[in-house]
There are 2 protein chains.
Amino acid sequence: MSEPSPVGSGPIRATPASRYLLRPVTSGRITGGLWAERRRINREVSVPEAWDRLHEAGNFHDLELAAGRSDGAYVNELPFLDSDVYKWLEAVGWLLADPDLAAPLAERLRDQLAATAELLVAAQQSDGYLNSHFQVRFPGERFVQLDWGHELYCAGHLIQAAVAVHRAGGDPGVLAIARRVADLVVDTFGTEEGRIDGICGHAEIETALVELHRETGDERYLARAAYFLDRHGHGLLPDGRFGRQYWQDHTPIREAEAVTGHAVRQLYLLAGVADVYAETGDESLRRAAERLWAEMVATKTYLTGGIGAHHSDEAFGDPYELPSERSYCETCAAIASIMFGQRMLMITGEAKYADLLERTLYNGFLAGTSLDGQRYIYANPLQVRDDHVGTGHDQDYARVPWFHCACCPPNVMRLLASLEHYVALSADAGVALHQYVTGRWTAATAAGEVALEVTTDYPWDGTVRVTVADAPAAEWELALRVPSWADEVSLSVDGEPVDAAAVDGWLRLTRSWAPGAVVELQLPLDVRFTAPDPRVDALRGSAAVERGPLVYCLEGADHPGTRLDDVVLDPAAAAVDQAGPETIGGAVTLRLGGRRRPHPVGWWPYGSATGADEDRAAEPIPLVAVPYFTWGNREPGPMRVWVPTS
Amino acid sequence: MSEPSPVGSGPIRATPASRYLLRPVTSGRITGGLWAERRRINREVSVPEAWDRLHEAGNFHDLELAAGRSDGAYVNELPFLDSDVYKWLEAVGWLLADPDLAAPLAERLRDQLAATAELLVAAQQSDGYLNSHFQVRFPGERFVQLDWGHELYCAGHLIQAAVAVHRAGGDPGVLAIARRVADLVVDTFGTEEGRIDGICGHAEIETALVELHRETGDERYLARAAYFLDRHGHGLLPDGRFGRQYWQDHTPIREAEAVTGHAVRQLYLLAGVADVYAETGDESLRRAAERLWAEMVATKTYLTGGIGAHHSDEAFGDPYELPSERSYCETCAAIASIMFGQRMLMITGEAKYADLLERTLYNGFLAGTSLDGQRYIYANPLQVRDDHVGTGHDQDYARVPWFHCACCPPNVMRLLASLEHYVALSADAGVALHQYVTGRWTAATAAGEVALEVTTDYPWDGTVRVTVADAPAAEWELALRVPSWADEVSLSVDGEPVDAAAVDGWLRLTRSWAPGAVVELQLPLDVRFTAPDPRVDALRGSAAVERGPLVYCLEGADHPGTRLDDVVLDPAAAAVDQAGPETIGGAVTLRLGGRRRPHPVGWWPYGSATGADEDRAAEPIPLVAVPYFTWGNREPGPMRVWVPTS
């Protein structure tokens with residue numbers, strides 16, 4: 001597929017100049033299955049409740065102070081909490097375009113949107129500046145704390161929210177507010193005389209300005225986004241307590257060989273790199289994005305798609321530094337990876353990006369919210385020990401209703417609210433389905449408009465039925481992604497087996513499709529036992545269990561009387577699927593073979609390498625594995641993704 | 001041995017009431033070998049240079065401000081930097097009693113001591129209060145920021161310093177200053193009406209007050225130390241960002257089942273627990289100290305004796321959470337473990353405490369300083385990756401001249417300056433040598449005074465010669481510790497083999513010793529390959545190399561052209577001792593057998609657990625291991641203590 005052209009509204013709008021090999025298909029509707037339920041909860045529970053949470057936490061109060069409409073002290077210590085309101089607003093924007101949104105709720109959200117727009121208008125200063133933290137707490141000190149001040153980060157999230165609200169229709173003026181903010185940013189920063197030559201300590205403005213360019217056609221926004229990218233890596237920010245790589249200011253992006261520093265900052269920046277490449281065709285940016293994605297995936301990505309090993313600086317570790325027990329894997333970092341990956345997929349058309357997208361969506365991202373949509377987790381470990389002692393409010397490995405630093409919850413909301421954009425892509429030549437979700441997608445191709453209806457119980461079942469609901473009377477290509485873990489797939493068209501082999505991860509079917517044609521793809525959901533590269537010290541001698549796109553884990557709740565630290569997994573034993581309990585949403589669980597080491601243990605955890613092996617005393621026990629994304633929805637307890645095999 | 005009685009000066013002075021089974025022997029002199037050289041460097045380089053570092057860093061300046069003798073802004077942001085001056089002062093105190101201190105240097109240190117005492121007199125307020133941070137930055141706000149204010153912590157270090165200076169003789173008034181501070185603390189805190197019922201967020205005052213009690217005989221200090229212990233675990237401090245266990249305020253010390261929270265805080269507190277037990281005989285405190293030490297050693301101690309797995313909160317992790325690549329192992333925590341362990345050894349006479357003391361001294365502690373005594377490391381990892389990216393000034397795994405938070409350097413100085421106190425112990429029944437260091441020790445026993453001369457090239461050589469230089473004409477016991485790693489030892493007295501078996505880690509020889517008698521102990525220094533408990537996920541499938549009390553490691557410097565991440569160790573191959581280069585002090589290095597896995601590796605670090613084993617392609621290479629304490633003294637590069645074995 002080639003030759004991009006502009007398509008309709010969505011999280012990413014392609015301009016005529018865009019270098020997308022695949023364009024976003026944003027006209028989808030998710031109608032059934034796992035994601036429909038997650039989105040229903042997001043729509044009916046999470047987003048409406050967030051209005052209350054954001055009021056209770058003082059985010060709205062602080063904006064009211066900036067607007068001069070309230071008295072009292074500024075509540076929030078952290079400088080970036082306006083952005084939580086903006087991310088929630090972005091979710092509201094996408095939801096208002098959701099045909100499944102019930103009318104009473106739609107009315108409520110529209111009222112909240114209008115009230116928020118009114119508040120922002122009141123808070124915005126005459127020259128466009130809008131940031132409650134600096135307006136109230138540090139008046140007159142704008143744009144001088146670029147390292148930790150998060151002004152451009154907040155501006156970026158406002159711009160993203162405005163784009164979403166505007167694309168959804170019925171914008172009560174948010175885009176106008178955002179444009180005034182963006183205009184101020186455009187006019188304030190730059191290398192020109194009298195301007196501030198600076199970058200923000202937290203990337204976000206870059207991708208936001210590109211999106212605003214797409215929405216408005218104003219080239220100044222694109223140019224300033226490119227400027228911010230270019231100015232990273234020149235030491236404009238101080239060294240800081242975590243080193244300059246924390247905010248990716250240690251080396252210019254085109255020269256960077258490795259993802260480093262704060263994971264969300266790094267990947268928001270890389271999303272901006274992909275966006276600027278898409279609009280400018282600057283191949284040096286594309287090369288940097290491809291190189292850094294590959295480095296991240298080869299040595300710094302957890303099996304769940306989670307990224308960022310370090311707690312202290314929420315940062316990438318060294319290559320192969322992927323400890324399960326202190327995997328930080330911030331929920332926001334998973335979202336950042338999805339944002340970056342979606343852009344790379346559109347630029348290159350390469351299935352590997354969709355593979356990681358899927359892995360991250362079903363595991364590292366989805367685990368960040370409780371099944372009831374009311375509690376969130378900030379750090380997503382791959383292992384919680386027996387006798388785990390939490391070390392602070394964000395590191396207790398239990399989901400909670402809200403955080404002191406609540407960046408993750410509204411980030412989850414905006415992604416779930418726009419998830420239909422992350423399923424299908426199009427090009428002149430046809431349509432590509434890269435995720436398998438029940439629903440309907442329509443896309444423009446050179447041959448004409450195509451409508452696809454997908455029916456599947458994936459990821460629980462491997463059958464994906466794609467019905468060509470509408471099609472032009474001409475040849476076009478239907479491309480279906482075959483995940484890299486799927487060794488043998490089978491395919492049929494209208495019941496007839498088709499002998500098609502995936503090439504580079506895509507099954508490509510070019511035909512003149514008759515409306516009503518049914519393509520059925522069968523993906524193998526056999527249980528897979530996965531081993532780590534021996535360089536991942538933290539995982540040596542262990543295995544993980546996967547089934548389809550899902551990573552599984554053991555939880556204490558399923559193993560009463562057993563310490564998970566004592567458990568050994570036997571990959572040679574048969575694995576049996578079984579329906580899980582309602583407390584984990586009826587997910588498919590797996591019955592596995594294993595052993596239990598004797599307990600208690602010795603006075604000192606080291607002994608002779610040539611000494612006796614206590615394994616011989618281990619007794620056989622059955623094990624139960626549940627999908628990783630369902631962990632922690634029952635009583636708190638230990639959990640393990642990677643289990644020793646000897 | 002039993003029936004303690006008071007002995008001479010030292011870091012811990014036994015009172016008549018002390019429940020010590022073994023008393024400190026503090027009249028020693030270290031005259032040769034590894035420790036003599038480390039102490040010479042400490043005496044001639046580190047301590048004198050620290051005077052300049054503490055002036056450059058502003059610690060003295062800030063005290064000058066408190067004394068009203070200087071103008072300008074308060075320099076240090078951290079509230080506890082007076083304590084760095086006090087720890088340095090403690091080192092000066094011990095050094096002034098060191099017979100190896102050259103006269104010109106002694107004069108210089110005495111001048112610095114006098115100047116410091118004068119400064120502290122000037123800074124101390126009329127009621128005894130002394131803390132530059134609060135006097136200058138927060139006047140009138142004393143004792144209201146008990147969580148992070150560190151006022152009692154600083155007071156404790158001043159008291160410890162005063163005790164050292166006073167015991168060394170020639171005190172220019174430091175003890176009087178410290179007593180006034182202590183009196184204010186005694187009168188300010190307590191459950192009595194009108195007093196502050198509180199504890200400090202960082203333990204230290206407890207053990208310091210016991211020492212002041214020992215030095216002065218004033219019972220009030222002991223009572224207040226016991227009060228501070230008792231009041232931990234009652235939620236007097238806020239929850240804080242790391243949870244209440246961070247400062248051991250989550251559960252009363254007598255009920256605690258596990259060491260938790262900030263490692264230095266936990267072990268300073270436990271040193272206080274041992275100290276209060278020693279003076280009061282409160283068995284519930286002794287039981288708590290024994291229980292918590294055992295829990296720490298069984299599941300939370302690194303092979304180096306280092307403790308504290310977490311970077312973010314400098315804290316203990318969960319049981320078996322001992323990752324090499326992010327082992328925090330703060331140098332101060334190793335020192336805290338030595339302080340606690342020495343007290344437990346004296347209380348119980350159990351050799352296991354001396355075993356850990358030795359392990360920590362030679363590895364976790366000694367690695368904290370460069371061989372030239374001019375650079376320090378804060379966090380002591382057991383592994384540095386190829387391509388390691390530092391994440392901030394204290395986490396770059398390279399020794400530096402000083403820190404923003406410079407707690408470790410003067411802590412190292414005070415321990416090295418008093419190291420002769422950590423070698424021998426006495427009781428009425430005799431003398432126990434628990435560390436093997438060349439030098440001379442004299443001790444009081446019921447039979448009379450005993451003098452021992454020790455000659456050894458330990459840890460490089462296993463022969464320890466103990467000459468009874470002076471002895472009473474009566475029976476007394478000479479006890480020699482046999483480290484738990486020493487499988488077979490041999491012993492002779494005056495050249496005649498003695499068939500003595502160690503019981504509970506001690507070889508006990510009760511005789512009427514003639515002056516000049518020579519006892520020779522032969523410890524086996526064969527190379528040992530050590531395996532971890534399989535519950536230590538981070539270490540599974542790997543082995544470490546030990547020789548005598550030394551843990552060894554691989555360094556990049558000895559393996560040019562090889563990535564340490566690719567190396568496999570073969571414990572079945574022969575290990576050969578060889579003299580190391582001068583750049584690591586001529587330490588004994590080990591030549592080992594190993595293999596190197598092919599590089600580069602795949603695009604994704606996970607694969608089928610039943611797939612091909614790349615080990616088959618690994619090529620044999622020779623490996624060189626160096627003592628862990630010498631690492632990082634050559635060019636910066638990767639390092640590993642634990643090496644995969646397959």
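Under the 3.5 Å distance criterion, with hydrogens and angles disregarded, a donor-acceptor pair is assigned to the side chains of B:Ser312 and A:Arg326. Judged purely by distance below 3.5 Å, without hydrogens or angles, the side chains of B:His310 and B:Glu321 pair a donor atom with an acceptor atom.
No other option in B:Ser542, B:Ala531, B:Ala544, B:Gly541 has as many heavy-atom pairs under 4.5 Å with chain A as B:Ala531. Here B:Arg359 is the residue among B:Arg563, B:Arg359, B:Lys300 with the most heavy-atom pairs under 4.5 Å with chain A. The residue among A:Pro323, A:Pro532, A:Pro571, A:Pro644 with the most heavy atom pairs within less than 4.5 Å of chain B is A:Pro644. Chain A forms the most heavy-atom pairs under 4.5 Å with one residue out of B:Ser324, B:Pro319, B:Gly602, and that residue is B:Pro319. Note on B:Ser484, B:Gly317, B:Pro605: by heavy-atom pairs under 4.5 Å with chain A, the leading option is B:Pro605. Among the candidates A:Asp239, A:Asp565, A:Leu539, A:Val567, the residue making the largest number of heavy-atom pairs closer than 4.5 Å to chain B is A:Asp565. Note on A:Asp387, A:Val384, A:Asp318: by heavy-atom pairs under 4.5 Å with chain B, the leading option is A:Asp318. Heavy-atom pairs under 4.5 Å with chain B peak, among A:Leu303, A:Thr260, A:Val536, at A:Leu303.
Taking B:Asp355 as the reference, B:Arg481 meet the salt bridge (charged side-chain N to carboxylate O under 4.0 Å, His left out) condition, with sequence neighbours excluded.
Of the atoms belonging to A:Thr530, heavy atoms from both backbone and side chain fall under 4.5 Å from chain B. Using a 4.5 Å cut-off between heavy atoms, A:Glu546 makes no contact with chain B at all. With a 4.5 angstrom heavy-atom cutoff, B:Glu257 does not touch chain A via any of its atoms. Interface remark: A:Tyr246 contributes no atoms to any contact with chain B (heavy atom separation under 4.5 Å). Both the backbone and the side chain of A:Thr301 come within less than 4.5 Å of a heavy atom in chain B. Residue A:Arg528: no heavy atom, backbone or side chain, is found under 4.5 Å from chain B. With a threshold of 4.5 angstrom between heavy atoms, A:Asp386 approaches chain B through N, CA, C or O but not through any side-chain atom.
Less than 6.0 angstrom separates the ring centroid of A:Tyr328 from the ring centroid of A:His311. In this structure, B:Trp642 has its ring center at least 6.0 angstrom away from the ring center of B:Tyr302.
Side-chain contact between B:Glu350 and B:Met344 is absent, with no heavy atoms from C-beta onward closer than 4.5 Å.
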Open item on the list: For B:Arg385 and A:Asp537: C-alpha separation, side-chain torsions, deciding distance, then whether salt bridge (charged side-chain N to carboxylate O under 4.0 Å, His left out) applies.
Closed with: CA-CA 11 Å; B:Arg385 292 271 187 185; A:Asp537 289 273; 2.9 Å; yes

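Between the A:Asp147 side chain and the A:Pro238 main chain, no donor and acceptor come within less than 3.5 Å of each other. B:Glu314 places no side-chain N or O within 3.5 Å of a backbone atom of B:Gly308 that could act as its donor or acceptor partner. No donor-acceptor distance shorter than 3.5 angstrom exists from the side chain of A:Arg597 to the backbone of A:Val568, with no hydrogens or angles considered.
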